[in-house]
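Below you'll find the structure, written out as structure tokens, and then a few comments.
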Amino acid sequence: MALVLVLVVLLAFHLPRPSDGETHADFVVGSDREGGGRLVALGAGETRIGLRQVVCVAGGCLWGASDPGFLALQEARSGAYPLRSGTRVRFELTSTQPEVSIRVGSTILRAPGETALSGTAPGLHLHPSWQLTLPEGTGGTYEISLRLIPEGGAYSPSLPLLLSLVAEVAPPPSATATMTSTPTPTSTLTPSHTASPSATSVPTLTPTPAEPTVTASATSSPTSPPSPTATATATWSPPTPPVCRGDCNQSVEVTVD
């Protein structure tokens, strides 16, 4: 853990800093009475500071953030007044936890009673680095408090400002593999040859007497079994009787005719 603390101190100087012109929810530093009174930090209603994981080394991780910052009040508002020009203000850490550290300029605050210069009015504008050192894979909420201390006798220190440093560990990604297989085989066979044969057979039979004459018609189609059609026509004519001479009717009579 000692190695992690050393690396935290070194890496703390590389935390992202806000750029000029960027909008921040800064605490505005003034006093509760014009020309004197107690120091105040306006906008201290949001005291939850979300941190992000910066780096992990040897089983420990550094979490950090540079917002919110502290900005000198320029015009009187809501019962607060700008500080006198040239007033120097310091941070004092009043309560903390072992996992917490705060970098103010080049000074690291870790224990109650430690202080660091925050700036001089009216140009006071500072973004401290709020830091947590936690075992890898863990997070949580850590409470601290600090107050603003003026240098000189015109003002008195502010009331303690209570803050919560929050490190939220993202849940591990779900190892769920989704496989979707929708085979869509398409096989279309379209014959390019269409056979439409038409066969007509009309045999004509002319029989000898006493035999019918048959006419047959057969039509076949490739789409259905053959359906033959047969037509038979028979015509019979009696034979001409032969000439009879003599007793033709066996009547034992012979006539002239």
Side-chain angles (χ1 to χ4, degrees), residues 5 8-9 12 15 17-18 23-52 62-134 139-168:
L5 290 177
V8 164
V9 173
L15 286 175
R17 303 294 298 172
T23 301
H24 310 286
D26 292 338
F27 298 124
V28 180
V29 180
S31 65
D32 61 0
R33 184 166 54 87
E34 187 174 4
R38 184 187 301 275
L39 297 186
V40 295
L42 302 180
E46 178 55 66
T47 59
R48 183 181 185 277
I49 301 176
L51 276 63
R52 65 179 181 84
L62 170 68
W63 295 72
S66 58
D67 283 327
F70 292 84
L71 178 66
L73 178 65
Q74 301 299 317
E75 296 180 358
R77 62 176 183 178
S78 303
Y81 301 88
L83 301 179
R84 292 179 180 180
S85 179
T87 302
R88 290 162 59 93
V89 179
R90 301 183 69 86
F91 280 158
E92 181 185 30
L93 193 57
T94 55
S95 68
T96 185
Q97 294 180 259
E99 296 82 359
V100 177
S101 61
I102 303 173
R103 179 170 62 85
V104 181
S106 59
T107 305
I108 305 296
L109 307 180
R110 295 192 183 88
E114 294 182 344
T115 67
L117 179 65
S118 61
T120 302
L124 187 155
H125 189 187
L126 173 71
H127 284 264
S129 293
W130 314 96
Q131 300 170 176
L132 285 173
T133 305
L134 304 175
T141 300
Y142 297 83
E143 308 293 338
I144 66 168
S145 66
L146 55 85
R147 66 175 182 169
L148 304 175
I149 301 177
E151 292 186 353
Y155 300 96
S156 60
S158 70
L159 296 175
L161 177 61
L162 302 178
L163 301 173
S164 299
L165 306 185
V166 182
E168 296 183 352

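All values below come from the heavy atoms of this structure, side chains included, with hydrogens, waters and symmetry mates left out.
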Practice problem: Would you please test Ile108 and Arg103 for side chain to side chain contact (heavy atoms under 4.5 Å, CB included) and show each step? | Solution: CA-CA 4 Å; Ile108 305 296; Arg103 179 170 62 85; 3.4 Å; yes
Compare every heavy atom of [Y] with every heavy atom of [X], then report the nearest pair and how far apart it is.
X	Y	result
Leu42	Ala80	CD1-CB, 3.6 Å
Ala116	Val104	CB-CB, 3.6 Å
Ser156	Arg38	OG-CA, 3.3 Å
Arg110	Thr96	O-CG2, 3.3 Å
Leu134	Ala167	CD1-CB, 3.9 Å
Phe27	Ala41	CB-CB, 4.2 Å

[atom2] on [Y] to [atom1] on [X], rounded to 0.5 Å:
X	Y	atom1	atom2	result
Leu161	Ile144	CG	CD1	8.0 Å
Asp67	Asp26	CG	CG	6.5 Å
Thr115	Glu92	OG1	CD	6.5 Å
Ser95	Leu146	OG	CG	8.5 Å
Thr120	Glu151	OG1	CD	7.5 Å
Leu132	Glu99	CG	CD	7.5 Å

Main-chain N/O of [Y] paired with [X] side-chain donor or acceptor, under 3.5 Å:
X	Y	answer
Ser158	Leu148	yes
Trp130	Pro68	yes
Arg84	Gly35	yes
Gln74	Pro122	yes

Side chains of [X] and [Y], heavy atoms from C-beta outward: is any pair under 4.5 Å?
X	Y	result
Leu124	Thr87	no
Leu51	Tyr142	no
Pro128	Ser66	no

Exercise. Given side chain to side chain contact (heavy atoms under 4.5 Å, CB included), test Tyr155 with Ser31 step by step and report yes or no.
Key: CA-CA 8 Å; Tyr155 300 96; Ser31 65; 3.6 Å; yes
Exercise. Evaluate side chain to side chain contact (heavy atoms under 4.5 Å, CB included) for Leu163 paired with Ile49, printing each intermediate quantity in order.
Key: CA-CA 7 Å; Leu163 301 173; Ile49 301 176; 4.1 Å; yes
Quiz prompt | Within 6.0 Å of CD in Glu143, more than 12 heavy atoms from elsewhere | solution = yes
Practice problem: Give the C-alpha distance, both sets of side-chain angles, the deciding distance and a yes or no for side chain to side chain contact (heavy atoms under 4.5 Å, CB included) between Leu165 and Gln97. | Solution: CA-CA 11 Å; Leu165 306 185; Gln97 294 180 259; over 6 Å; no
Self-check item: Result of checking Leu117, Leu126, Ile102 against Phe91 for side chain to side chain contact (heavy atoms under 4.5 Å, CB included)
Solution: Leu126
Quiz item: Under the side-chain hydrogen bond (donor to acceptor under 3.5 Å, both in side chains) criterion, do Thr94 and Ser145 qualify, and how do the steps go?
Solution: CA-CA 5 Å; Thr94 55; Ser145 66; 2.5 Å; yes
